[in-house]
Participant: 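Got a structure here, written out as structure tokens. Questions coming.
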Amino acid sequence: MLDAAKTETLLEVNNIEVIYNHVILVLKGVSLSVPKGGITALLGGNGAGKTTTLKAVSNLLKSERGEVTKGSILYRGERVQDMAPADLVRKGVIQVMEGRHCFEHLTVEDNLLTGAYTRTDGRAAIARDLEMVYSYFPRLKERRKSQAGYTSGGEQQMVAMGRALMSRPETILLDEPSMGLAPQLVEQIFEIVKAVNEGEGVTFLLAEQNTNVALRYAHYGYILESGRVVMDGPAQALRENPDVKEFYLGMSDDGRKSFRDVRSYRRRKRWLA
Amino acid sequence: MPDQLLFAMEVTLNGLMAGVMYALVALGFVLIYKASGIFNYAQGVLALFAALTLVGIQQGQVPFAHLINAMTGLHVESFGWTVPSLLAILLTLGVMVLLALAIEKLVLKHLVNQPPIILFMATIGMAYFLEGFGDVMWGADIKKLDVGLPQGISETVEGLTDSLFGYGFFIDNLDIVATVVAVALVTALTLFSQYSKQGRALRAVADDHQAALSVGISLRFIWILVWSIAGFVALVAGIMWGSKSGVQFSLSLIALKALPVLMLGGFTSIPGAIVGGLIIGVGEKLFEFFAGPLIGGATENWFAYVLALLFLVFRPQGLFGEKIIERV
Amino acid sequence: MFYREAGDFKTSYREDNQTFPIKFDRLRFYAVLAVAYGVIPLLINDYWANAVFVPFLIYAIAAIGLNILVGYAGQVSLGTGGFMAVGAYAVYKLMTAFPEVSVFIHVLIAGGITAAVGVLFGLPSLRIKGFYLAVATLAAQFFLVWLFNKVPWFYNYSASGQINAPDRTIFGVFVTGAQTSAMAKYMFCLVMLTIVAVVARNLTRGTVGRKWMAIRDMDIAAEIIGVNPLSAKITAFAVSSFFIGIAGALFFAVYLGAAEVGEAFGIQKSFLILFMVIIGGLGSIFGSFAGAAFLVLLPVLLKNLLVGTLGWPTDLAAHIELMIVGALIVIFLIAEPHGLAQLWRVAKEKLRLWPFPH
Amino acid sequence: DLVVPNLSYRTGPYAANGIPYADGFNDYFTLLNERDGGIGGEKIVVPECETAYNTEKGVECYESTKGQGALAYNPLSTGITYQLIPKVTADKHVLYTPGYGRTSAANGKVFEWVFNYPANYWDGASVAIKYLLDQNGGDLNGKKVALVFHNSAYGKEPIRTLEELSKKHGFTLSTIPVDSPGQEQKSQWLQIRRDKPDYVIMYGWGVMNQVAIQEAVNIKFPMENFIGIWWSGSENDVGPAGAGANGYKSISFHGVGAEYPVYQDLKKYVFDAGKSTGAADELGSVLYSRGMYAAMIISEAIREAQARAGHAAVTPEEVREGFENLNLTEARLTELGLPNFAQPIAASCADHGGPGSAMILQWDAGAKTWGAVSDWITADADVVDPLIAEDSAAFAKESGITERCN
Amino acid sequence: MNAMSEGYITADGRKIGGTLMELRNITLRFGGVVAIKDISFDIRDGEIRAIIGPNGAGKSSMLNVISGFYTPTEGGVWYKGYQRGPMRPYQVARMGIARTFQNIALFDGMSVLDNIMTGRLTLMKSGLLSQAMWWGGASKEEEAHREKVEKIIDFLEIQAIRKTPVGRLPYGLKKRVELARALAAEPKMLLLDEPMAGMNVEEKEDMCRFILDVNDEFGTTIVLIEHDMGVVMDLSDRVVVMDYGKKIGDGPPDEIRNNQAVIDAYLGVAHD
Ligand SMILES: Nc1ncnc2c1ncn2[C@@H]1O[C@H](COP(=O)(O)OP(=O)(O)OP(=O)(O)O)[C@@H](O)[C@H]1O
Ligand SMILES: Nc1ncnc2c1ncn2[C@@H]1O[C@H](COP(=O)(O)OP(=O)(O)OP(=O)(O)O)[C@@H](O)[C@H]1O
Ligand SMILES: [Mg+2]
Ligand SMILES: [Mg+2]
């Protein structure tokens with residue numbers, strides 16, 4: 001288990017505030033720190049601001065008419081807020097966006113190759129990595145020549161993951177990697193994350209709704225609620241927290257209960273009511 | 001051979017040539033559309049601006065002379081030198097690159113991830129601006145453009161066909177040059193977009209700005225590159241059309257001749273521009289030549305569009321355009 | 001203060017469906033109406049009517065029409081000039097053929113004829129989409145202009161192909177022809193605009209409007225949900241062309257008085273009205289007004305400023321005017337891609353929060 | 001002050017033509033102000049307004065200047081003219097449209113406020129044919145004449161006249177429209193190449209002229225058999241074709257070149273004094289001369305009006321009288337420094353169209369000058385007058401006008 | 001039809017009717033790709049029918065066949081006992097089949113309320129003219145339908161975002177709005193394509209409750225695609241399993257859970 005205190009902090013988000021369209025305040029002071037070589041999970045309900053946080057880090061907010069109005073984002077101690085997203089990728093930070101965002105008209109293979117856009121280590125290395133991605137997702141190999149727009153939802157999700165892996169990044173920001181994937185693939189994705197993390201020391205920051213799996217693979221977790229961090233701690237500790245258990249893992253003291261039985265409404269406990 | 005057939009052949013040939021001229025303009029549109037999904041309304045004005053700049057540089061005009069004179073009461077007109085054509089073309093190219101830089105910095109950068117119609121509108125703003133700017137910079141009078149391209153009937157073709165069919169065909173030398181240039185351009189651009197890393201990036205950008213950003217494609221770089229190339233294509237089109245008619249405002253209207261070509265060939269296909277051009281060229285010329293006299297003539301403007309429309313009804317993405325992906 | 005919804009409770013869905021749910025907005029709207037109907041007609045002179053108000057009112061009608069097609073139904077059209085020409089020539093033929101019928105009726109029928117033509121040219125929209133459709137509608141533009149230029153019947157065989165609006169009256173007051181007073185022109189157009197705006201608002205707030213918007217936002221999903229794309233697109237073309245036809249009829253009969261098709265209804269007109277719609281705001285009736293005002297007023301204003309006040313040479317002023325209009329378009333788009341209407345909405349949202357930043 | 005607005009266009013598709021015309025117009029009035037202190041001691045003010053050849057801007061310009069007491073309008077656009085005819089009639093301002101506008105406005109009985117002397121489109125067509133008759137020993141039987149025209153109201157004007165003339169003189173006429181703007185005329189010129197007409201007459205404007213001349217050169221059409229109307233005969237039009245355009249002809253209702261004495265004055269009082277609107281190289285060019293000509297006629301009409309009214313600060317109504325009673329003799333032209341520059345005009349209540357004569361100019365590409373190759377040729381009144389009567393009668397009926405001057 | 005068509009009562013007391021829709025020998029090809037290979041199954045009135053399978057198995061394609069967006073290359077669809085002729089999707093919708101989409105397909109330019117109102121388009125009758133006049137027919141109709149829609153809004157607990165443009169909503173809420181839009185059509189049959197993707201457990205619980213309630217209260221037949229096995233196993237009455245376009249299993253959840261072919265192809269491990 002990786003100890004956050006002992007390793008270097010790679011990414012540091014200090015008390016950022018994000019506003020969309022000049023009027024909609026979404027993040028109200030979020031701070032995180034992502035240690036080098038760690039897997040950090042960002043958890044929280046719909047609209048908590050996970051995606052927004054990731055986009056703030058990768059500087060994709062501007063294209064959504066959002067902006068970071070307060071706070072700072074440091075990557076290896078360097079302020080990266082005003083950097084172009086492309087430069088950030090060159091620095092080794094890449095994001096897998098929520099909702100797949102494949103290049104519809106490009107083939108699956110071309111999609112994967114765009115991931116290698118910033119690489120300069122030669123065709124051979126790229127070809128090798130392409131094979132690696134195909135070995136992770138054999139399904140993609142079968143569909144390599146078809147346009148990404150015509151592949152199924154899950155296949156597109158694989159393309160998005162594979163594309164990020166193709167860039168050989170130092171840090172990957174993953175936004176809901178498991179969405180729409182079949183169960184065994186979900187496990188597999190996280191296995192890949194783990195393998196890449198351990199084998200190559202790639203750092204991960206992932207936003208995930210599948211709390212169960214996420215907390216199993218992550219080292220550290222943050223829980224967001226309507227734009228604020230309401231709880232954080234080592235994954236192990238979070239897993240055992242009773243609130244987390246109830247609201248995020250769907251477990252009560254007497255184990256998992258059937259979805260059929262939750263027919264009456266339970267008011268969610270708000271940390272910040 | 002019967003006369004009608006000979007005439008038809010001649011008209012067809014000339015239609016092909018006209019089509020090449022249209023294709024030169026259409027190419028600029030295709031490039032930008034392909035690389036960013038922007039329908040660049042300003043392409044025609046870009047051609048005008050390039051041609052104005054070329055002539056201005058060539059003839060040693062003082063830029064903004066009129067403005068300077070009006071503000072200061074001076075009477076500056078010309079530096080009194082002339083610049084050799086080739087050098088002038090290179091300098092103009094430099095100006096077009098600067099323009100591309102400015103467009104990226106001042107306009108496109110701020111409109112990342114906006115819907116196509118908004119980007120289209122922005123290019124309209126740029127067209128207005130450039131039109132005014134070109135006029136202020138170089139004046140609105142008509143200018144003769146001469147970079148030494150041959151013009152007039154090609155004696156070779158006329159002689160050759162005369163000995164073959166007993167009737168000499170008319171082909172304009174300028175058109176022959178245009179054909180050569182167009183073929184070279186199309187080949188080079190196709191290779192570039194098909195086989196280079198940048199080519200793939202262009203198409204990625206056109207599909208999804210945000211995703212392109214997220215994989216590290218620099219929109220800035222791509223856009224400057226593409227607008228520079230489009231500027232170059234505009235310059236070529238400006239030279240070809242300007243040699244015919246002189247350089248003046250109307251040059252910007254050649255864009256209207258390129259639109260049906262674009263639509264028929266497909267907005268995203270470089271070879272489509274040339275094929276579309278040829279079909280439109282031949283189609284409208286033959287129609288005007290044979291049907292025109294029966295229904296009063298001047299049909300070319302609308303016929304080109306109607307022809308393209310008919311094609312579209314059967315292939316909504318044009319002949320070579322990327323298929324519109326319809327999925328849920 | 002301004003724009004407080006607090007205390008402005010709605011107790012029925014009807015109230016909630018109002019055009020201006022906020023009281024302050026509603027009051028201001030009535031004020032504008034009162035000025036438009038009660039004050040301006042008394043003050044108006046030829047210059048203001050012909051240079052500013054009448055073109056503004058007519059362009060606003062056309063912009064509403066086009067906005068229905070582009071902004072609400074998402075079908076980009078560049079055939080507006082051609083459709084206006086249909087309206088103009090239709091009203092001309094009607095006015096000369098049936099001088100005894102009221103010109104008000106003529107204008108409406110001209111709209112109807114244009115709607116029919118619009119439907120005809122709208123049919124390809126079932127297959128053709130996006131910019132392809134935009135370019136395809138140019139076929140209508142060029143063909144219609146050619147037709148009106150070529151077939152002498154349309155211009156009553158006059159030697160030059162120009163059409164001239166004969167003098168016609170409504171309630172004994174001249175509304176077309178040279179004797180028309182500034183006030184009559186203004187009032188006629190204003191009434192038409194009011195009718196058009198109300199109808200447009202009614203259509204866009206209900207089922208029809210939602211069908212259009214659904215087709216615009218995602219046509220496949222709309223179809224799967226139960227929208228018949230054929231009827232949705234065709235009604236959009238019909239309604240849009242109806243308004244545009246009215247605008248064309250007024251443009252010729254009331255504003256210009258004489259017209260030549262290529263000059264008055266050329267491709268430039270199509271672009272101009274599209275610009276109005278986009279700058280004003282797609283899918284917004286208010287935006288159509290704003291866009292029309294912007295593109296009619298700004299050049300006049302700039303010209304008066306640069307030539308009249310600053311005394312610049314007209315050509316420099318004209319070029320610089322082009323540059324300024326172009327730059328402003330870009331600046332507005334950057335500030336708010338969804339047009340002036342959205343800029344206004346955001347401003348209101350801010351006002352509502354004021355003095356807090358968010 | 002005497003207000004004569006200059007509705008000009010220095011931008012837009014026809015800017016290249018609008019600029020020299022507007023400069024000539026302005027400069028002549030500047031000359032009068034500088035040299036003579038105006039007309040009859042009253043200074044002339046020429047507020048300029050940009051129309052960009054656009055009818056709506058034209059209306060705006062008219063409305064914005066009419067309040068200043070404008071004496072006469074000269075919008076240099078047939079489209080704007082049509083727009084303004086009902087307006088000037090209602091508002092009582094003179095509309096002066098030399099060589100353009102509504103041809104039948106020559107009939108003063110119907111068009112009280114419009115003047116278009118010295119010549120109109122139909123005159124131009126007739127002059128061209130008369131010249132060709134002259135060239136062919138008075139016989140055009142069996143000859144082929146093609147009309148290449150701008151596909152607009154303006155371009156269509158000569159068709160009726162030419163049809164009448166072809167009946168009368170036995171030549172065959174083919175009409176070949178070119179859609180605006182006219183950048184691409186391949187099929188039109190291939191048609192000409194195939195049909196081999198003996199003569200081509202052109203009614204073009206703007207870029208259409210340049211392309212047509214270039215295409216004519218390309219197909220080796222003999223330039224001396226190619227005649228343009230006055231709006232197809234400026235330096236701009238022949239320039240881009242270079243040496244190939246040598247020999248091209250055009251019709252003109254005034255002289256060109258900088259030899260006329262008035263240019264010395266213009267140089268002295270306007271250019272050298274730094275008061276010109278345009279560049280010095282425009283002096284004597286076709287369109288500059290035409291702008292100046294229009295200004296000269298307007299100033300003479302004002303002079304006439306002052307003489308008749310007995311005071312210098314004339315009103316628009318008085319200026320209309322001046323226009324209607326203008327009697328511009330050769331002697332007066334010489335006095336004005338324009339000997340043999342234009343034909344004498346003697347207007348009347350019924351005649352707002354003038355003598356309708358013009359001459360043929362030919363382009364010398366080497367010297368880059370136009371030179372006259374004919375004398376004044378007068379239009380065939382037998383053909384033109386009935387057409388004018390017919391068209392104006394139709395307008396009168398449509399607009400409920402009763403004829404004057406009876 | 002078959003013997004079971006009279007229906008039965010489930011363990012928790014819901015009434016399942018006879019066959020509502022039957023898919024017979026459906027094959028769907030796209031050029032070289034075979035998305036569905038000769039699949040037949042039926043859907044009973046009032047049941048919750050799940051379709052599961054690995055990514056790219058052809059589940060969404062099957063839903064598209066049912067909703068008329070794809071026309072099967074071979075085979076046919078029987079609805080309420082009659083074979084469905086060639087139909088445009090909007091005609092299918094008018095027969096009472098509504099759906100949600102895997103890649104959210106909301107109308108981004110409209111507010112949540114308008115989006116849901118579009119769901120009722122098939123039920124609204126007033127014509128163009130009456131709309132143009134507004135006062136009277138159209139406005140009355142509008143209000144009546146608004147009331148129904150408000151009920152759905154209350155039901156799904158999205159009152160607070162009623163007037164928000166949907167483009168601004170977070171992913172999970174969008175899914176909920178989509179469900180609301182489909183419900184607004186008062187469908188006989190509701191097709192849900194991964195309605196719970198991108199939700200956490202609590203939100204999934206909410207969704208489950210909505211689905212069950214709809215099924216319960218209105219007897220709406222539900223066809224559900226979902227990758228969360230917990231949800232599928234708990235909710236559905238019967239499950240179809242697809243793999244590479246082929247049907248590899250069909251039956252009640254308990255049976256599927258222990259079907260070896262299904263475990264191999266999809267589940268990986270047996271899910272409890
Ligand atoms: N482009 C935008 N404009 C305005 N508001 C936005 C925009 N994008 C997101 N928001 C708002 O920001 C808040 C946070 O959204 P965000 O997408 O970050 O949530 P999330 O935690 O990723 O949720 P989910 O799990 O559903 O993806 C939401 O309330 C949403 O309404
Ligand atoms: N229009 C199409 N053209 C070509 N191939 C298609 C098309 N639609 C679907 N496919 C292919 O058919 C297969 C099945 O796709 P489908 O979307 O039905 O899968 P799915 O079971 O829904 O998968 P997922 O769980 O990933 O959503 C995929 O391989 C997909 O690429
Ligand atoms: Mg998210
Ligand atoms: Mg699917």
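The chains referred to below are lettered A, B, ... by the order of the sequence lines, with proteins before strands, and numbering in each begins at 1.
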Participant: Would you mind telling me which of D:Arg160, D:Arg10, D:Glu56 has the largest number of heavy-atom pairs within less than 4.5 Å of chain C?
Facilitator: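 Greatest number of close heavy-atom pairs with chain C: D:Glu56.
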
Participant: Quick one: do C:Val52 and D:Glu60 satisfy side chain to side chain contact (heavy atoms under 4.5 Å, CB included)? Show the steps, please.
Facilitator: CA-CA 8 Å; C:Val52 178; D:Glu60 199 255 328; over 6 Å; no

Participant: Give the minimum heavy-atom separation between D:Cys49 and C:Thr314, together with the two atoms involved.
Facilitator: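 Scanning both residues completely, I find the closest heavy atoms to be N-CG2, 4.1 Å.
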
Participant: Take a 6.0 Å sphere around NZ of D:Lys66 and say whether it holds more than 12 heavy atoms from other residues, nucleotides or ligands.
Facilitator: yes

Participant: Less than 4.5 Å to any heavy atom of chain C: does that hold for the side chain of D:Thr78, its backbone, both, or neither?
Facilitator: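 It is both, since atoms from each part get that close.
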
Participant: Could you check whether D:Gln83 and C:Tyr255, counting side-chain N and O atoms only, form a donor-acceptor pair closer than 3.5 Å?
Facilitator: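 The answer is no; no qualifying pair exists.
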
Participant: What are the two closest heavy atoms between D:Thr11 and C:Ala318, and how far apart are they?
Facilitator: CG2-CB, 3.4 Å

Participant: Are side-chain N/O atoms of D:Tyr53 and C:Glu263 paired as donor and acceptor at under 3.5 Å?
Facilitator: no

Participant: Mind listing the closest non-hydrogen atom pair of C:Tyr47 and D:Ser64 along with its distance?
Facilitator: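 So the two residues come closest at CE1-CB, 3.1 Å.
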
Participant: Given a strict heavy-atom distance threshold of 4.5 Å, which part of C:Asn164 is in contact with chain D: side chain, backbone, both, or neither?
Facilitator: both

Participant: Which atoms of C:Glu321 come close to chain D, meaning under 4.5 Å heavy atom to heavy atom: side chain ones, backbone ones, both, or neither?
Facilitator: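 Side chain only.
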
Participant: Please evaluate residues D:Lys87 and C:Asn50 with respect to the criterion side-chain hydrogen bond (donor to acceptor under 3.5 Å, both in side chains), reporting the C-alpha separation (whole Å), side-chain torsions for both, the decisive distance (0.1 Å), and the verdict.
Facilitator: CA-CA 11 Å; D:Lys87 292 197 202 305; C:Asn50 288 327; 4.7 Å; no

Participant: Looking at every heavy atom in both C:Asp46 and D:Glu63, which two are closest together, and how far apart are they?
Facilitator: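 Smallest interatomic distance, heavy atoms only, reads CB-OE1, 3.3 Å.
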
Participant: Walk me through whether C:Lys303 and D:Cys61 qualify under side chain to side chain contact (heavy atoms under 4.5 Å, CB included).
Facilitator: CA-CA 10 Å; C:Lys303 182 172 140 181; D:Cys61 279; 3.3 Å; yes

Participant: What closest approach, in Å, do C:Glu260 and D:Ala153 show between heavy atoms, and which atom pair accounts for it?
Facilitator: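 Smallest interatomic distance, heavy atoms only, reads OE2-N, 2.7 Å.
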
Participant: Please tell me if the side chains of D:Glu50 and C:Val307 come closer than 4.5 Å, counting only heavy atoms from C-beta onward.
Facilitator: no

